[in-house]
Every structure is written in C-alpha cells, then in structure tokens.
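What follows is a short report on a single structure.
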Amino acid sequence: MSAQVPPGGFAAPKGIPEYVGPEFTAVRDTLVREADRAGYAHIELPVFEDTALYARGVGESTDVVSKEMYSFDDRGGRSVTLRPEGTAGVVRSVIEHGLDKGGLPVKLRYAGPFFRYERPQAGRFRQLQQVGVEAIGVDDPALDAEVLAVADAGFRALGLRGYRLEITSLGDATTRPQYRAELTRFLEKLDLDEPTRERARINPLRVLDDKRPEVRAQLEGAPLMVDHLSDEAAAHHAAVKRYLDDLGVAYVENPWMVRGLDYYTKTTFEFVHDGLGSQSGIGGGGRYDGLMAELGGPALSGVGFGLGVDRALLACRAEEAGHEAAGRVEVFGVPLGESAKERLIGIVGALRRAGIRADLAYGNRGLKGAMKAADRSGARYALVLGDRDLEAGEIQLKDLADGSQTAIALDGAAAAVDRALSGS
RNA sequence: GUGGGUGUAGCUCAGUUGGCAGAGCACUGGGUUGUGAUCCCAGGUGUCGCGGGUUCAAGUCCCGUCACUCACCCCA
C-alpha cells in the first residue's frame with residue numbers, strides 16, 4: 001500500500017473545525033475562569049475510554065451511544081470509544097481513584113475535545129469542544145444553583161446577552177416509572193409517524209420536545225413530569241429556584257425540556273441562544289443522582305454541566321460581542337542592514353526575557369515592507385535601527401499609534417522600551 | 001441515516017444562447033534601501049471539486065461521484 005496525496009490535497013476529517021488565532025482560547029479560557037473562581041479543580045482525562053463506560057453511563061438506548069460513537073478495537077482487542085461527553089469519564093475517575101474519600105463535594109472542571117459521529121451542520125461538529133464542571137457527593141439544591149450560576153457567569157463574561165436559561169425537573173426514581181407509563185398511554189393515542197412511534201417506545205420523554213407544529217399541537221395536554229414529582233423532588237426543585245433568585249440568575253421554566261442522556265435526575269437545564277440557527281443549545285446539564293452507583297461506585301449524587309465552546313464562539317460572533325483583537329506583539333523590530341539585524345535580534349531577545357511580546361521583520365525586507373509588517377503585527381511600538389543609528393549609538397522608538405518617533409540610547413534599549421510600555 | 005443548496009485565484013464572488021478564465025479584497029515588489037493605514041505602477045502555471053459523456057468547441061449541457069453547507073434527526 002502506498003499512500004497518495006488525494007486529489008485537491010489533504011483535508012481535515014469531516015466536520016472538524018480548526019481555530020487559528022486567539023479567539024478560540026479566549027472563549028474557552030473565559031468559561032473555565034468562572035469555574036476556577038467557584039473552586040472547581042482541573043482534571044485532565046483520557047480522550048478515549050472503555051466503550052462499556054459510555055454504554056452503561058450514558059445509556060444504551062440513547063442516540064449518542066447507539067449511533068454516534070467513534071468506537072474501535074485497539075491492538076489488544078479492547079473496544080474503546082472517543083469520549084462523546086465528559087461526565088462519565090469524570091465519575092469513573094472519581095470512583096477509580098477514590099476522590100470521594102476526601103472532603104465533599106468533589107468539585108472538578110475539564111475542557112477539551114469530544115467526539116460524536118453526526119452529520120455536520122451549523123454549530124454541530126464531529127469534534128466538539130466543551131468546558132464542563134461536576135460537583136459530586138453532596139445532595140444539596142444549592143449546588144445545582146451554583147453550577148448554573150457558574151455557567152451563567154461564563155456566558156456573561158463573554159459579553160453574551162441573547163440567551164436564556166431553561167430549567168425543569170425530571171424527578172427521581174420513585175415517581176418516574178409511573179409518569180413514564182402515563183405518558184406512554186397518552187402518546188399511544190396520538191397520530192404519529194413510525195420513526196416518532198419508535199422514539200416513543202425507546203424513550204417517551206423525547207417525543208415531548210419535537211419541533212414539528214403538527215406534533216406539538218397533539219402534545220397539548222400531555223402529562224408533564226413537573227406535575228408528577230415526588231415530594232422530595234418537588235422540594236428540591238423549589239429550593240433550586242429560590243437559590244437562583246438569591247444568586248441573581250435569571251431563568252425560565254420549560255417543562256417540555258428533555259435530555260438525551262439517560263443519567264439525568266431532578267434538575268436539568270439548557271442555555272439556549274437565539275442567534276445560532278438550528279443548534280441553539282450553548283450549554284446544558286443537570287443532576288445525576290444514580291450515576292455513581294450505576295458505574296460501580298458509592299451511591300453519591302452529582303450535578304454538572306457541559307458548555308459548548310464552539311457554539312459559545314458562534315454566539316459571540318452573532319452578537320458581535322467582545323474579543324477586540326489585541327495585537328500579536330507589543331514591539332516590532334525593523335532592521336536596516338545586516339549589522340543592525342544582529343543588534344536588533346539581541347534586543348528582541350532581551351525584550352522577550354523581560355516578558356514583553358516582541359517580533360522582528362525577517363527576510364531582509366525593505367524598510368517600507370518591514371514597516372508594513374510592523375503595522376500589521378498590532379505592535380504599539382516599532383524599533384527602527386540602521387547604520388546611521390548604530391554610529392550614533394541610538395535606536396529609533398516609533399509610536400505606531402500617533403506616528404511620533406524618538407531616539408533612545410542603544411545601550412539599555414530594552415529597559416527603556418519596557419518603561420515606555422508600562423509608563424502609559 | 002433522510003432531504004435542499006453550493007463547488008471558478010489565498011478570501012468574497014462575476015462569468016450572457018456553449019466560443020481566448022475575470023473583478024474586488026488580500027499578498028509581494030517598486031515609485032521612496034530612513035519610515036506603516038492614503039495614492040500610483042507592476043506581479044496570477046486557477047488540475048473551473050473529481051471522473052465520464054455530448055460537441056468542431058464545455059466553467060457553461062447530460063450522467064456519476066466527492067466535498068462543503070443548511071435543515072430534519074440529535075445535542076454542547
């Protein structure tokens with residue numbers, strides 16, 4: 001087998017966005033920062049896991065597991081899967097390393113790529129980027145509210161305004177089976193197409209958020225989970241809402257909301273943005289009180305979210321929010337001739353050692369071209385050095401914003417530039 | 001997995017009933033080896049997504065295929 005360059009050249013695998021420049025990391029790091037502020041510790045996890053972890057944790061019947069996973073056998077014959085979501089891996093790690101043996105709750109946050117084999121679309125990718133948090137081991141509605149507040153703070157820190165937080169409660173194991181049976185009886189009487197009937201058989205809840213008007217009309221009067229909560233789940237839900245008010249986090253209740261992952265219980269939520277087209281969810285999550293036990297650990301509760309970094313970035317673009325392009329560097333060197341180049345290389349090195357972002361016109365370009373490069377770099381100052389300056393023992397410090405230029409001593413030039421940058 | 005739309009220069013796109021492949025922007029150099037956003041000049045070897053067909057002649061018409069894209073579905 002001899003590998004060839006394909007016609008048209010190599011391309012990234014289907015459905016994978018690539019980000020060049022500071023925009024992506026700025027969005028991701030802003031979301032992460034709010035989790036850090038609330039005391040969530042970073043956890044770095046494997047990008048692939050035992051396939052069974054997701055089958056058991058996320059649920060065999062979910063679309064994510066049944067048709068969207070990147071699964072393959074490794075060379076040792078083990079079935080592994082590129083992670084489609086973050087919670088199962090975090091919970092596995094907590095159980096495996098006994099992280100729950102210390103102080104509770106265990107508060108962790110993560111960021112990185114996830115993988116789902118789906119047809120790409122606006123805001124939907126096969127490699128998607130998420131920032132997430134998990135709070136495990138304390139069953140307190142105040143933790144649900146904290147998790148929601150962290151996500152909301154992240155979006156607000158990005159400058160986003162055109163989104164809303166929708167919440168509901170999916171109840172708990174004590175009343176969900178009865179509710180499910182009642183909903184199934186309701187759905188059986190409706191006039192639905194075969195794919196939808198199939199969905200109703202697999203997970204009747206999922207039919208509730210069908211977008212088609214003809215289906216929505218029939219759903220009028222459908223039994224809702226929020227009306228069938230156990231006393232405990234109802235009290236929990238009411239408490240979450242009170243704490244959200246205390247935190248100043250705005251929300252709307254959406255009793256038709258459904259989650260596609262099986263582990264959710266009680267509080268579930270979604271952040272919805274209106275400027276993104278069809279894939280409008282920029283974040284989602286909820287409580288998962290049975291998951292620790294389901295994966296072989298102690299019966300501890302948990303709550304968390306996943307935020308879509310790709311979609312948050314699209315939302316920023318849609319709102320034209322924030323991220324004014326800060327310059328790549330602060331200082332740009334313009335050498336005229338070889339001896340000036342050697343001297344400037346040293347000065348740029350000294351600037352970098354002093355923590356100043358600095359670059360240089362490479363390629364022995366003409367003065368005009370080098371100045372153009374300086375302009376494009378976004379630098380505050382250009383340092384112009386030629387034979388004339390070398391003889392005079394000076395270097396020209398040019399303020400690129402107002403065009404003014406002053407000669408400074410060549411010796412100690414880096415320190416002088418440092419002072420110029422910090423002095424204004 | 002199912003539909004619709006689109007594939008022409010690095011980017012955004014024109015390209016008429018089939019008749020020499022274009023514009024703007026960007027980029028590089030020069031006008032001005034001592035000054036960047038303006039101005040002027042110069043600079044394009046594009047598998048016209050790919051493969052086949054029709055034709056004297058195909059970017060244009062036909063068939064196939066791939067990619068991208070939007071929507072269904074699903075979810076971050």
Side-chain angles (χ1 to χ4, degrees), chain A residues 5-9 11-15 28 31 58 62-68 84-87 111-132 151 155 193 195-196 198-199 203 206-207 209-212 215 257-261 269-273 276-285 304-315 332 334-338 340 361 363-379 381-390 395-405 407:
Chain A
V5 176
K14 188 182 182 76
R28 183 194 60 196
L31 296 173
V58 178
T62 62
D63 280 33
V64 167
V65 169
S66 64
K67 48 191 184 195
E68 295 175 2
E85 60 96 52
T87 302
F114 296 84
F115 305 86
R116 293 182 197 175
Y117 191 89
E118 298 185 273
R119 191 87 175 259
Q121 190 183 328
R124 187 170 75 184
F125 308 104
R126 290 186 173 182
Q127 176 175 311
L128 54 119
Q129 299 279 344
Q130 277 187 228
V131 167
F155 292 135
D193 58 288
T196 308
E198 175 65 20
R199 212 172 339 141
N203 184 351
R206 296 246 299 277
V207 178
D209 72 345
D210 198 301
K211 291 174 192 164
R212 293 168 295 181
V215 177
M257 184 169 54
V258 174
R259 301 269 79 200
L261 280 50
F269 57 89
E270 191 168 329
F271 288 85
V272 181
H273 195 280
L276 297 185
S278 183
Q279 305 300 322
S280 57
I282 55 176
F305 65 62
L307 309 183
V309 180
D310 310 274
R311 289 183 187 175
L313 189 153
L314 291 172
F332 198 92
V334 175
L336 301 169
E338 183 57 29
N364 302 321
R365 311 177 61 169
L367 176 62
K368 186 189 176 96
M371 284 303 296
K372 208 168 178 178
D375 186 47
R376 221 173 356 236
S377 75
Y381 291 110
L383 279 173
V384 183
L385 185 65
D387 293 338
R388 189 197 297 167
D389 306 295
L390 283 172
I395 185 166
Q396 304 297 325
L397 178 66
K398 176 157 183 164
D399 186 322
L400 289 168
D402 64 18
S404 66
Q405 181 169 308

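Each chain gets a letter, A, B and so on, in the order the sequences are listed, and its residues count up from 1. Excluded from the calculations below are hydrogen atoms, water molecules and symmetry mates; all remaining heavy atoms, backbone and side chain alike, are included.
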* To do: Output all residues satisfying side-chain contact (heavy atoms from CB on, under 4.5 Å) with A379(A), sequence neighbours left out; order by chain, then residue number.
  => V329(A), F332(A), S377(A), L400(A)
* Test side-chain contact (heavy atoms from CB on, under 4.5 Å) applied to L314(A) - qualifying residues, sequence neighbours left out -> L276(A), R317(A)
For [N] versus [M], give the span between their [atom1] atoms, rounded off to a whole number of Å.
| N | M | atom1 | answer |
| --- | --- | --- | --- |
| rA26(B) | rC62(B) | C1' | 38 Å |
| rC39(B) | rU47(B) | P | 31 Å |
| rG15(B) | rC72(B) | C1' | 35 Å |
| rU65(B) | rU2(B) | P | 12 Å |
| rU16(B) | rG49(B) | P | 14 Å |
| rC25(B) | rU60(B) | P | 29 Å |

Under the rule for side chain to side chain donor-acceptor pair (under 3.5 Å), what residues qualify as partners of [X], not counting sequence neighbours?
| X | answer |
| --- | --- |
| R206(A) | D63(A) |
| T87(A) | E134(A), Y263(A) |
| N364(A) | K341(A) |
| R116(A) | none |

* To do: Kindly write out the residues that satisfy ring-ring contact (aromatic ring centres under 6.0 Å, His included) with F114(A), not counting sequence neighbours, or none if the list is empty.
  =>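 Counting only residues at least two positions away or on another chain, F114(A) forms a ring-ring contact (aromatic ring centres under 6.0 Å, His included) with Y110(A).
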* Sequence neighbours excluded, which residues qualify as ring-ring contact (aromatic ring centres under 6.0 Å, His included) partners of F155(A)? ->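 Scan of F155(A) (ring-ring contact (aromatic ring centres under 6.0 Å, His included), adjacent residues dropped) gives Y163(A), F271(A).
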* Contact state string [nucleotides 33-44 of chain B, B base, S sugar-phosphate only, - no protein heavy atom under 4.0 Å] -> -BBBB-B-----
* To do: Between protein and nucleotides 69-76 of chain B, map the contacts as a letter string: B base, S sugar-phosphate only, - none, heavy atoms under 4.0 Å, written 5' to 3'.
  => BSBBBBBB
* To do: Quick one: pull up CD1 in I395(A) and CG in L383(A) and give me the separation to the nearest 0.5 Å.
  => 4.5 Å
* Asked: Which residue pairs pass the salt bridge (charged side-chain N to carboxylate O under 4.0 Å, His left out) test with at least one member in residues 119-128 of chain A, sequence neighbours excluded?
  ->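 Non-adjacent pairs meeting salt bridge (charged side-chain N to carboxylate O under 4.0 Å, His left out): E118(A)-R124(A).
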* **Intra- and interstrand pairs of RNA chain B - dot-bracket, Watson-Crick/G-U under 3.5 Å, | marks other strand** => (((((((..((((.....[..)))).(((((.......))))).....(((((..]....))))))))))))....
